[in-house]
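The model shown is predicted, which means the values in this text are computed figures rather than measured ones. Values below: every heavy atom of this structure, side chains too, minus hydrogens, waters and symmetry copies.
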Amino acid sequence: QELPETVLLKFFRPESTPVPARPTPEQLSNLIKTSLHYPESFNHSFHQKSLCLVPVTLLLSNCSQAVVDVMIDLRHKTSSEALEIHGSFTWLGQTQYKLQLKSQEVYSLQLKACFVHTGVYNLGTPRVFAKLVDQVTLFETSQQNSMPALIIINNI
């Protein structure tokens, strides 16, 4: 009676090639943190000059370890803005920006807000979208919007 041939099983582990984990939608919507820097209130003489221009800085911080493509859209109007008695304000100049932020990079974008009336306005209207550079997606993920950014425009 013949013994069955014994076969040695050989276990091997391929070179460690970590498969990049797909970021969750939650992580993708937190790639970029934004903050607006502007005066709390702004005094302007509407009698001398009908347009009131206020400098605003939009600070973008890449919170990830990866390079991120960022798109900023200033053309967005929030529904709450439509309720304002005097209407809304406008952003002067370029209305869309595309940039690329390196890992942990902070970028400062200089904007100008234009007002034609006194009142309280929400400057928190810029929409920011981002995607990882190496990610093959057709659209960027909308970033978490910060708190309302209120400014008071006074007539002097």
Side-chain angles (χ1 to χ4, degrees), residues 16-46 48-156:
S16 60
T17 51
V19 178
R22 278 191 60 80
T24 64
E26 167 83 21
Q27 289 168 321
L28 287 176
S29 67
N30 286 300
L31 292 172
I32 301 293
K33 290 276 181 259
T34 60
S35 61
L36 286 166
H37 299 272
Y38 57 92
E40 245 176 65
S41 66
F42 196 84
N43 295 326
H44 178 79
S45 174
F46 285 98
Q48 288 180 341
K49 203 171 179 188
S50 59
L51 295 181
C52 171
L53 303 181
V54 179
V56 178
T57 302
L58 174 61
L59 216 56
L60 303 151
S61 307
N62 182 354
C63 299
S64 74
Q65 299 297 321
V67 180
V68 175
D69 279 331
V70 182
M71 201 272 280
I72 299 121
D73 188 357
L74 299 176
R75 298 169 302 168
H76 180 60
K77 297 288 180 219
T78 60
S79 55
S80 65
E81 250 184 271
L83 302 175
E84 289 181 28
I85 298 163
H86 293 304
S88 62
F89 70 97
T90 38
W91 293 107
L92 281 193
Q94 196 173 327
T95 56
Q96 283 190 313
Y97 296 85
K98 283 184 186 267
L99 20 128
Q100 202 171 75
L101 296 183
K102 295 179 187 70
S103 166
Q104 306 292 312
E105 185 180 352
V106 176
Y107 186 82
S108 176
L109 190 60
Q110 302 305 315
L111 306 172
K112 277 212 185 307
C114 178
F115 305 89
V116 292
H117 296 284
T118 59
V120 178
Y121 297 89
N122 178 14
L123 294 176
T125 61
R127 287 189 302 172
V128 178
F129 301 92
K131 76 176 186 60
L132 299 173
V133 165
D134 56 8
Q135 199 178 27
V136 190
T137 51
L138 296 174
F139 57 90
E140 292 95 348
T141 305
S142 181
Q143 299 302 289
Q144 296 290 332
N145 208 349
S146 53
M147 300 298 285
L150 301 179
I151 185 172
I152 301 165
I153 303 297
N154 299 307
N155 191 19
I156 52 169

Problem set entry | Derivation of the side chain to side chain contact (heavy atoms under 4.5 Å, CB included) call for Leu31 and Leu101 | CA-CA 10 Å; Leu31 292 172; Leu101 296 183; over 6 Å; no

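- Between Leu111 and the choices Leu92, Thr57, Leu74, the side chain to side chain contact (heavy atoms under 4.5 Å, CB included) rule is met once, by Leu74.
- Atom SG of Cys114 is separated from atom CZ of Phe89 by 10.0 Å, given to the nearest 0.5 angstrom.
- When all heavy atoms of Ile32 and Asn62 are compared, the closest pair comes out as CD1-CA, 3.8 Å.
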Problem set entry | Ile153/Val54 under side chain to side chain contact (heavy atoms under 4.5 Å, CB included): CA gap, chis, key distance, verdict | CA-CA 9 Å; Ile153 303 297; Val54 179; 4.1 Å; yes

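- Between Ala130 and Val68 the shortest heavy-atom distance is CB-CG1, 3.6 Å.
- Within a 6.0 Å sphere centred on CD of Gln110, other residues, nucleotides and ligands contribute more than 12 heavy atoms.
- Closest approach of Phe129 to Ser142, counting heavy atoms only: CD2-CA, 3.6 Å.
- If you run side chain to side chain donor-acceptor pair (under 3.5 Å) between Asn43 and each of Thr118, Asn155, Asn154, only Asn154 comes through.
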Problem set entry | Derivation and outcome, side chain to side chain contact (heavy atoms under 4.5 Å, CB included), residues Thr125 and Trp91 | CA-CA 10 Å; Thr125 61; Trp91 293 107; 3.0 Å; yes

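- The two atoms that bring Leu59 and His37 nearest to each other are CD2-NE2, 3.6 Å, heavy atoms only.
- For the 3.5 Å distance criterion, the side chains of Asp69 and Gln100 qualify, holding a donor opposite an acceptor.
- Remark: the backbone N or O of Leu58 is not paired with any side-chain donor or acceptor of Tyr107 at under 3.5 angstrom.
- Enclosure of atom CD in Gln96 by more than 12 non-hydrogen atoms of other residues, nucleotides or ligands within 6.0 angstrom is indicated.
- Relative orientation of the Tyr121 and Phe115 rings is tilted, given thresholds of 30° and 60° on the angle between their planes.
- Remark: Ser64 OG to Gln104 CD distance equals 7.0 Å, nearest 0.5 Å.
- In terms of heavy atoms, Lys33 sits closest to Cys63 at CG-SG, 3.1 Å.
- In this structure, Leu109 CG and Leu99 CG are separated by 7.0 Å, a value rounded to the nearest 0.5 Å.
- The heavy-atom pair separating Phe42 from Cys52 by the smallest distance is CD2-SG, 3.6 Å.
- With hydrogens and angles ignored, the 3.5 Å screen pairs a side-chain donor or acceptor of His44 with a backbone N or O of Lys49.
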Exercise. Checking side chain to side chain contact (heavy atoms under 4.5 Å, CB included) for the pair Leu51/Val116: CA distance, chi angles, key distance, verdict?
Worked result: CA-CA 5 Å; Leu51 295 181; Val116 292; 3.4 Å; yes

